[in-house]
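Here's the structure, in structure tokens; my notes come after.
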Amino acid sequence: MLRGRIDDRFSTVHLGGLNLDPREARTIRRIKILGCGTSYHAGLIGAGLIESMARIPADAEPASEFRYRNPVVDPDTLYIAVSQSGETYDVLAAVQELKRKGARVLGVVNVVGSAIAREADGGVYVHAGPEVCVVSTKCFTNTVTAFALLALHLGRIRDLSVTDGKRIIEGLRKLPAQIEEILKTEDQIKEIAAEYAGAQSMMFIGRVRGYPVALEASLKLKEISYIHAEAYPASELKHGPLALIEPALPTVAIVPDDDLLEKNRAALEEIKARSGRILAVAHQPQPKADHTIVVPKNEDELDPILMGIPLQLLAYHTALAMGRDIDKPRNLAKSVTVE
Ligand code: M6R
């Protein structure tokens, strides 16, 4: 993923297949990211990375919704289609509709030479290697990293300083060792999973960067364990979901050490006050949590890449404890090539 792409001299990255020269990159006024399932969640994190590093307004939308709402296609908007397989029908159809209307579409795709990669005007290959299991895990982590590279690239063409570019590159370089550290917590995660395996339902919460991580963790859990799971922005709890909190509904909270730490801690207090059980994924043990999985701190922007990994392991071990078929969850196919 990083090999051969980092340019230390200019504190940026080279993305060979992007087909977007710096002049064109400066004219982009908005970025719209389209994907389905896990790829959509990776796109949500990608939109946040692009906004914070390149200061281009960006958002993500399920491709399956986008293509049916007769979207306004704006010539100053850059569209990005995200897909592991590169064959997901809803994403491909959205790309074809956009191209038909004259839009520029890039791909962030894993499978080289796939239909979406071929249709796109250019893009970034994720290079996560073949992903055989129906459940997308390593591709999620690598897709978010690919978005970090794209955001850095666009940022350095626009207003991201050399200092910030260097900071992000240092953060990217730390990722492999930090992922190794997270994998060492697998035994702890397995024990926690054994506790949660009997739950009927689970709540996942996060704020801003943490919210798409919560969405993805909730999808992972429901997909392979069949436990009902919901994800909410932590800030929305008091607007409804707090009513669900009771000892039988565990909450998984994403609590990074960033400018929203105190806000996240306040949400944990609200949950504890209703006798809710809490599992925190955080950079330091959380006093209100029953368990904390501590992950290494990276740059704020890159933290979501790491915080998703223990929750993939949580879903895996919960499903295993429940005797589920992890590689082939019921009712699902690896590539959804039909509507
Ligand atoms: O191949 P794609 O990334 O386009 O697939 C999109 C979704 O079908 C896929 O991410 C799905 O949500 C996975 N089963 C999630 O683990």
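In listed order, ligands and their atoms are each counted from 1.
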So if I count the atoms of ligand 1 from 1 in the order they appear, which ones are less than 4.0 Å from some heavy atom of [X]?
{"X": "Ser85", "result": "1 (O), 2 (P), 4 (O)"}
{"X": "Gly37", "result": "12 (O)"}
{"X": "Gln84", "result": "1 (O), 2 (P), 3 (O), 4 (O)"}
{"X": "Thr38", "result": "10 (O), 12 (O), 15 (C), 16 (O)"}
{"X": "Ser136", "result": "15 (C), 16 (O)"}
{"X": "Ser39", "result": "2 (P), 3 (O), 10 (O)"}

Using a 4.0 Å heavy-atom threshold (strictly under), name the region of Glu223 that reaches ligand 1: side chain, backbone, both or neither.
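The side chain, only.
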Look at atom 6 (C) of ligand 1 and find which of Cys36, Gly35, Ser83 reaches it with the closest heavy atom.
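Considering heavy atoms of Cys36, Gly35, Ser83, the nearest to atom 6 (C) of ligand 1 sits in Cys36.
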Counting only N and O atoms by type, is there a donor-acceptor contact under 3.5 Å from the side chain of Gln312 to the main-chain atoms of Thr137?
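Flag set: sc Gln312 to bb Thr137 pair under 3.5 Å.
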Is there a donor-acceptor pair under 3.5 Å between the side chain of Glu87 and the backbone N or O of Ala115?
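Indeed, once roles are kept as given, a pair shorter than 3.5 Å links the two residues.
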Exercise: identify the closest heavy-atom pair between Thr143 and Val82
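The pair with the smallest heavy-atom distance is CG2-CG1, 3.5 Å.
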Whether Val135 lies under 4.0 Å from ligand 1, heavy atom:
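Yes, Val135 has a heavy atom closer than 4.0 Å to ligand 1.
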Lys220 near ligand 1 by a heavy-atom separation under 4.0 Å
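A heavy atom of Lys220 does come that close to ligand 1.
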Are Glu191 and His317 linked by a side-chain donor-acceptor pair shorter than 3.5 Å?
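Not at all, the side chains of Glu191 and His317 share no donor-acceptor pair under 3.5 Å.
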Roughly how far, to the nearest 0.5 Å, is CD1 of Ile50 from CG of Leu150?
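That separation rounds to 5.0 Å.
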In terms of relative ring orientation, are His291 and Tyr196 parallel, tilted or perpendicular, with 30° and 60° separating the classes?
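Judged by the thresholds at 30° and 60°, the geometry between His291 and Tyr196 is perpendicular.
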Only one of Leu313, Ile192, Val252 clears side-chain contact (heavy atoms from CB on, under 4.5 Å) with Ile293; which?
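When side-chain contact (heavy atoms from CB on, under 4.5 Å) is applied between Ile293 and each of Leu313, Ile192, Val252, only Ile192 qualifies.
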